*Asks:* 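Take this structure first; my questions come after.
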Protein chains: 2
Amino acid sequence: METTWEHRLRSAGLRVTRPRLSVLGVLAEHSHVDADTIATAARVVHPSISPQAVYGVLKALVGGGLARRIEPAGAPALYELRVGDNHHHLVCRECGDVADVDCAVGAAPCLTPSDAAGFVVDEAEVVFWGLCAGCQVARRQHGYGAGIAIRGGATA
Amino acid sequence: METTWEHRLRSAGLRVTRPRLSVLGVLAEHSHVDADTIATAARVVHPSISPQAVYGVLKALVGGGLARRIEPAGAPALYELRVGDNHHHLVCRECGDVADVDCAVGAAPCLTPSDAAGFVVDEAEVVFWGLCAGCQVARRQHGYGAGIAIRGGATA
DNA sequence: CCCTTCTCTTGACTCAGTCAAGACAACCGG
DNA sequence: CCGGTTGTCTTGACTGAGTCAAGAGAAGGG
């Protein structure tokens with residue numbers, strides 16, 4: 001399973017290097033990680049790796065189609081290896097945890113807005129906001145009831 | 001129509017101030033604007049307004065339900081006055097232009113992922129990425145064909 | 001009109017990410 | 001197996017968007 005990365009890198013026209021393999025290793029273990037966490041985790045295997053190298057590697061991986069970048073509002077970008085299917089994400093408002101969801105609407109998906117206003121659409125990005133299971137429990141234990149504090153406060 | 005802002009501010013529990021009215025004025029004229037553009041435009045009417053004041057005002061407006069904040073990946077946050085309906089957005093990859101779209105899936109919308117993984121979902125955010133009409137024309141004139149360069153480069 | 005409280009100004013600061021120059025290592029060819 | 005080319009990594013300075021905090025200044029209730 002480890003050796004496959006070499007092939008994948010090469011067939012994307014990328015050289016096989018230690019930093020890249022380290023980053024891929026980290027991505028394989030954590031499903032949605034930010035650049036900083038990747039850097040920290042990669043340093044276990046490759047201590048001299050610099051933050052900028054991580055940014056560079058991630059850009060290369062995304063460009064080569066080996067990784068996907070998502071940017072939930074108000075949080076640093078996250079990277080994942082699941083590529084090719086245009087799946088979507090559940091994001092927890094409390095802890096920022098992210099889970100994958102398969103496309104809710106049919107197969108090739110939700111790619112059809114009701115009125116495209118002259119746009120040629122090539123991707124539909126869906127983010128479901130809510131509370132993850134763990135944070136629901138925490139809320140209840142702290143006596144906040146089941147309500148969700150909508151981002152930014154009041155709800156008219 | 002101008003005086004309505006006073007009511008809206010007050011009923012959200014916010015004081016009526018010159019900076020707030022200026023910002024609301026700008027938002028009423030531009031459909032999707034970033035904080036910096038708002039500051040510049042507001043300065044026409046209220047020259048002494050500071051960037052931080054704009055951030056503060058916008059946070060207050062969003063908190064009070066008078067404005068909505070959207071954060072397209074890779075671009076500064078945008079603000080709009082259209083609130084209450086959970087509509088979605090078309091974003092142009094080329095020029096960053098944004099257009100509104102009514103919810104594509106039924107009424108209360110797309111709020112149901114196929115598998116919620118234990119999350120309690122309270123909002124579904126949809127962003128359609130593509131090329132706006134203007135940029136399609138520009139592409140063709142420069143001889144790039146009709147293809148869309150996917151963000152970040154290659155497409156496997 | 002005064003007082004309380006919220007809001008604005010000013011200015012320092014954080015965080016995520018980019019840019020650039022040079023050292024270094026991966027791969028191709030011999 | 002070795003050298004040269006070119007892509008990649010390291011180091012370090014920098015940008016841009018937004019936050020935090022202290023104090024001056026208004027908004028609006030009494």
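So that the names make sense, note that chain A is the first sequence line, chain B the second, and so on, each numbered from 1. Computed from a predicted structure; not experimentally measured.
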*Asks:* Do B/His88 and A/Glu125 have side-chain N/O donor and acceptor atoms under 3.5 Å apart?
*Replies:* no

*Asks:* With nearest nucleotide decided by heavy atoms, which residue, A/Gly56 or B/Tyr79, maps closer to the 5′ end of DNA chain D?
*Replies:*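 Nearest nucleotide further toward 5': that of A/Gly56.
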
*Asks:* Begin with the C-alpha distance, continue with both residues' side-chain angles, and end with the deciding distance and a verdict on side-chain contact (heavy atoms from CB on, under 4.5 Å) for B/Arg139 and B/Glu94.
*Replies:* CA-CA 10 Å; B/Arg139 273 282 171 88; B/Glu94 200 86 356; 2.8 Å; yes

*Asks:* Let me know, please, whether B/Val54 or A/Leu14 comes out on the 5' side of the other along DNA chain C by nearest nucleotide.
*Replies:*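 It is B/Val54, whose closest nucleotide lies nearer the 5' terminus.
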
*Asks:* Does any N or O donor sit under 3.5 Å from an N or O acceptor when you compare the side chain of A/Gln52 with the base of D/dT11?
*Replies:* no

*Asks:* Could you tell me the separation between the CG atom of B/Leu58 and the C1' atom of C/dT7, rounded to a whole number of Å?
*Replies:*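 Result: 14 Å.
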
*Asks:* Do any N or O atoms from the side chain of A/Arg68 and from the backbone of A/Arg82 form a donor-acceptor pair under 3.5 angstrom?
*Replies:* no

*Asks:* A/Glu6 CD to C/dC27 P: how many Å, rounded?
*Replies:* 8 Å

*Asks:* Would you classify B/Ser50 as touching base, sugar-phosphate or nothing, given that sugar-phosphate means primed atoms plus P, OP1 and OP2, and contacts are heavy atoms under 4.0 Å?
*Replies:* base

*Asks:* Round to a whole Å and report the spacing from CD of B/Glu71 to P of D/dT19.
*Replies:*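 Computing the B/Glu71:CD to D/dT19:P distance gives 9 Å.
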
*Asks:* How close or far is atom P of D/dC9 from atom CD1 of A/Ile38, stated in whole angstroms?
*Replies:*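 Taking atom P of D/dC9 as the reference, CD1 of A/Ile38 is at 14 Å.
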
*Asks:* When you measure from the side-chain N and O atoms of B/Arg20 to the phosphate of C/dT7, is any distance below 4.0 Å, counting only OP1 and OP2?
*Replies:* yes

*Asks:* Nearest of C/dT18, D/dT19, C/dA26 to any side-chain atom of A/Lys59?
*Replies:*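 Out of C/dT18, D/dT19, C/dA26, the nucleotide with an atom closest to A/Lys59's side chain is C/dT18.
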
*Asks:* Is there a donor in the side chain of A/His32 and an acceptor in the side chain of A/Asp100, or the other way round, less than 3.5 Å apart?
*Replies:* yes

*Asks:* Map B/Ile49 and B/Arg15 onto DNA chain C by nearest heavy atom, then report which one ends up closer to the 5' terminus.
*Replies:* B/Arg15

*Asks:* Identify which nucleotide among C/dT7, C/dT9, C/dC27 has an atom closest to any side-chain atom of B/Ser48, counting heavy atoms from C-beta outward.
*Replies:* C/dT9

*Asks:* Give B/Ala60 one of three labels, base, sugar-phosphate or nothing, depending on what nucleic acid heavy atoms sit under 4.0 Å from its own.
*Replies:*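 B/Ala60: no heavy atom of the nucleic acid under 4.0 Å.
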
*Asks:* How long is the line joining CG of A/Asp34 and P of C/dC15, in whole Å?
*Replies:* 13 Å

*Asks:* So, OP1 or OP2 of C/dC8: does either fall under 4.0 Å of a side-chain N or O from B/Thr17?
*Replies:*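 True: B/Thr17 side-chain N/O within range (under 4.0 Å) of C/dC8 OP1/OP2.
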
*Asks:* Rounded to whole Å, how long is the line connecting atom CG of B/Leu78 with atom C1' of D/dA17?
*Replies:* 13 Å

*Asks:* Inspect the contact between B/Arg8 and B/Glu6 and indicate whether a charged nitrogen and a carboxylate oxygen are less than 4.0 angstrom apart.
*Replies:* no

*Asks:* Choose from D/dG28, D/dT8, C/dC8 the nucleotide whose nearest atom is closest to any side-chain atom of B/Arg10.
*Replies:* D/dG28

*Asks:* Do A/His30 and A/Glu80 pair up side chain to side chain, a donor and an acceptor below 3.5 Å, judged on atom types alone?
*Replies:* no

*Asks:* In whole angstrom, what separates B/Leu61's CG from C/dT7's P?
*Replies:*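 Computing the B/Leu61:CG to C/dT7:P distance gives 11 Å.
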
*Asks:* What's the closest nucleotide to the B/Pro76 side chain, out of D/dA17, D/dT10, C/dT10?
*Replies:*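 Comparing D/dA17, D/dT10, C/dT10 against the side chain of B/Pro76, the answer is D/dA17.
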
*Asks:* Send over the distance from A/Ile70 CD1 to C/dG17 P, rounded to a whole Å.
*Replies:* 12 Å

*Asks:* Picking from D/dC9, C/dG17, D/dT10, which would you name as closest to the side chain of A/Arg69?
*Replies:* C/dG17

